[in-house]
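Comments concern the structure below.
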Protein chains: 2
Amino acid sequence: MNEDTNPHISIDCVIFGFDFEKLNVLLLERRLEHEDPSIAFCDQSLVGQHIKLKESLDDAAARILFETTGLTNIYLEQFYAFGAPDRLNKERAKIWLKSIGRDPAVQVITIGYFSLVNTNTVQVSYNPRHASWCDVKKVENLAFDHDQILKKGLEALRLKIKSEPIAFELLPQKFTLSQLQKLYEVVLDINIDKRNFRKKALQSDYIVALSEKQKDVLHKPAQLFMFSREIYKATKKEDFSFNFK
Amino acid sequence: MNEDTNPHISIDCVIFGFDFEKLNVLLLERRLEHEDPSIAFCDQSLVGQHIKLKESLDDAAARILFETTGLTNIYLEQFYAFGAPDRLNKERAKIWLKSIGRDPAVQVITIGYFSLVNTNTVQVSYNPRHASWCDVKKVENLAFDHDQILKKGLEALRLKIKSEPIAFELLPQKFTLSQLQKLYEVVLDINIDKRNFRKKALQSDYIVALSEKQKDVLHKPAQLFMFSREIYKATKKEDFSFNFK
DNA sequence: GCAAAAGTGTTCGGCGTACACCCATGA
DNA sequence: TCATGGGTGTACGCCGAACACTTTTGC
């Protein structure tokens, strides 16, 4: 471990991405090579690192996100701190930590952040460790206590997306109402009535219709929209609410 | 600092109490004696301590709450982690930390918890440092970054009290509807219409009328009620909602 | 009898919900 | 012409909001 690293505190980022079909999370491959195949393994983990000395938590999260994806200016939000003394005590975790020169007995507190990106903007190959997008509904057997962190991160996202306009962070700048609806459906794991959804979306001033349509689709091209943060701020009466079902 | 203490991680508890009139927070006196009166000072801080080695965050928070108030089995909830590298760098903070033998240059991450108690149940004198209940609306100039922690804790409480039945943690077991209403009013800093409030409260099955009335009041005694967690769990359709105004 | 808080009903408007068919485009 | 999603309107019920007077008790 680098000497300007704080060995007691780490950040784990739950990086959510939406590909217009499902909600994904960006995972890194954790591969341990060993001559004894009963010891070698390959599984997956969230994106995480220790913070540096004198680095704020928010700065560390942004740095880690940048180092993994090459992206800056990304929505990032802290959601929970995990500090169980045995959180790095699974068998594989111990083997892994030893293999990279760390003492599994040292208690590490990790701070969970979730971030929202549009799946297409990420160069998955940016990271030296193999990174890939996985459907959040199919993820299992993550490293360390990352299952739990992902679960809590998803809960935080669900809570927040119902009361603040963060859905747009997962979409490209121009999007269709069907894409927005699908996003809410996969994040909240519900079905939404199309007419009711559109009525509600169109009532809000800050979802702005553009004089532009979808291209290169094999059906009637849809109207494109943008989210206007300016209009949102100017008109909000602290009552953003997105509760269906 | 004790040798089984983790010097990098602390817990700060925002202990809320309701006295039927206002929302209070429990603060400890921070008094520095010094022969030079320009150095000596006395101000206030939240209740906080470092965690111990191998102690979970939740356990540490419960321990600190117990050591300060003598209470166990209290509602406690983690709400945010604070890690700005300069968070202990105010002038008084540095003087204070040196006076108790700690290095102000060491970065400490603190995890914020809020807890809810009925003001009357706390023996304020339990703690060796002078502890007192202060109206949250009047608190100012707290030690370290505790202003910020209190603010965020209050936001977390406000958010949660609208969607989960935690208000009852701040009340005695038997309470009147006016007391419950007043609680929501002071926590959310709003006025609520009495008839609408009562209508809503009485619709819920889990606020149960007792065959008992208030005593020793100089007006018409009010009906007493209890919160039934059992009924709440059995009947909730994930739709607790307490949104007035 | 007076002060102080308890207790009580109705009306209105808006919003969430359920529900089915025609339209425009590319292949 | 066909497949695919785009796009549209109405009716109903519930809930939140506004609003004022009578009742019970202790002093």
Side-chain angles (χ1 to χ4, degrees), chain A residues 19-22 161-163 171 174-186 188 190-226 235-245, chain B residues 19-22 161-163 171 174-186 188-205 207-226 235-245:
Chain A
D19 60 8
F20 303 122
E21 292 187 0
K22 53 194 171 11
I161 207 171
K162 286 191 272 189
S163 64
L171 290 167
K174 301 173 184 181
F175 54 86
T176 71
L177 292 187
S178 293
Q179 288 166 348
L180 184 62
Q181 176 178 344
K182 183 75 183 174
L183 171 55
Y184 275 100
E185 288 179 331
V186 299
L188 299 175
I190 57 175
N191 293 314
I192 304 178
D193 178 87
K194 184 162 56 155
R195 279 176 290 192
N196 294 338
F197 182 88
R198 300 174 75 86
K199 197 194 314 170
K200 178 154 183 170
L202 293 171
Q203 272 168 12
S204 73
D205 298 319
Y206 47 84
I207 296 177
V208 184
L210 303 174
S211 54
E212 197 177 340
K213 301 210 164 185
Q214 244 182 344
K215 280 175 187 149
D216 304 319
V217 286
L218 17 152
H219 52 77
K220 176 174 173 180
Q223 165 91 256
L224 290 172
F225 292 81
M226 260 188 65
T235 60
K236 78 168 166 182
K237 322 170 187 65
E238 59 181 308
D239 62 346
F240 184 103
S241 132
F242 205 95
N243 278 306
F244 275 97
K245 258 289 159 51
Chain B
D19 60 8
F20 303 121
E21 291 186 359
K22 54 194 174 3
I161 207 171
K162 285 191 272 190
S163 65
L171 289 169
K174 300 174 184 180
F175 55 85
T176 71
L177 292 186
S178 294
Q179 289 166 349
L180 183 63
Q181 177 179 342
K182 183 75 183 173
L183 170 55
Y184 275 100
E185 289 179 330
V186 299
L188 299 175
D189 201 18
I190 57 174
N191 293 315
I192 304 177
D193 178 88
K194 185 162 57 156
R195 278 175 290 190
N196 293 338
F197 182 89
R198 299 173 76 88
K199 198 194 310 170
K200 179 154 184 172
L202 294 171
Q203 273 168 10
S204 73
D205 298 320
I207 297 177
V208 183
L210 304 175
S211 54
E212 196 176 341
K213 300 209 166 186
Q214 242 182 346
K215 280 174 188 151
D216 305 319
V217 285
L218 21 151
H219 52 77
K220 176 174 174 180
Q223 167 92 256
L224 290 172
F225 292 81
M226 261 188 64
T235 60
K236 79 167 166 183
K237 322 169 188 66
E238 62 182 308
D239 65 342
F240 184 102
S241 133
F242 204 94
N243 277 309
F244 274 97
K245 255 290 158 52

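Lettering follows sequence order; numbering is per chain, from 1.
- Closest approach to the A:Asn196 side chain among D:dG6, C:dA4, C:dA18 is made by C:dA18 (side chain taken as heavy atoms from C-beta onward).
- Note on A:Ser178: a side-chain N or O is less than 4.0 Å away from OP1 or OP2 of D:dG6.
- Under the rule for a side chain to side chain contact (heavy atoms under 4.5 Å, CB included), the partners of A:Lys213 that lie at least two apart in sequence or sit in another chain are A:Pro221.
- No hydrogens or angles were tested; on distance alone, nothing pairs the side chain of B:Lys213 with the base of D:dT25 as donor and acceptor under 3.5 Å.
- Distances shorter than 4.0 Å separate some side-chain N or O of B:Arg198 from OP1 or OP2 on C:dG7.
- Distance CD (B:Gln223) to P (D:dT25): 13 Å, rounded to an integer number of Å.
- With D:dG6, C:dT17, C:dG7 as the choices, the nucleotide that has an atom nearest any side-chain atom of A:Lys199 turns out to be C:dT17.
- Look at CZ on A:Phe197: it is 17 Å from C1' on C:dA18, rounded to the nearest Å.
- Atom CG of A:Asp216 is separated from atom P of C:dA27 by 9 Å (rounded to the nearest Å).
- Nearest-nucleotide positions on DNA chain C place B:Arg195 closer to the 5' end than the other of B:Arg195 and A:Pro221.
- Of the listed nucleotides (C:dT17, D:dC19, D:dG26), D:dC19 has the atom at the smallest distance from the side chain of B:Asp193.
- On a pure distance criterion of 3.5 Å, no polar donor-acceptor pair joins the side chain of A:Lys200 and the base of C:dT17.
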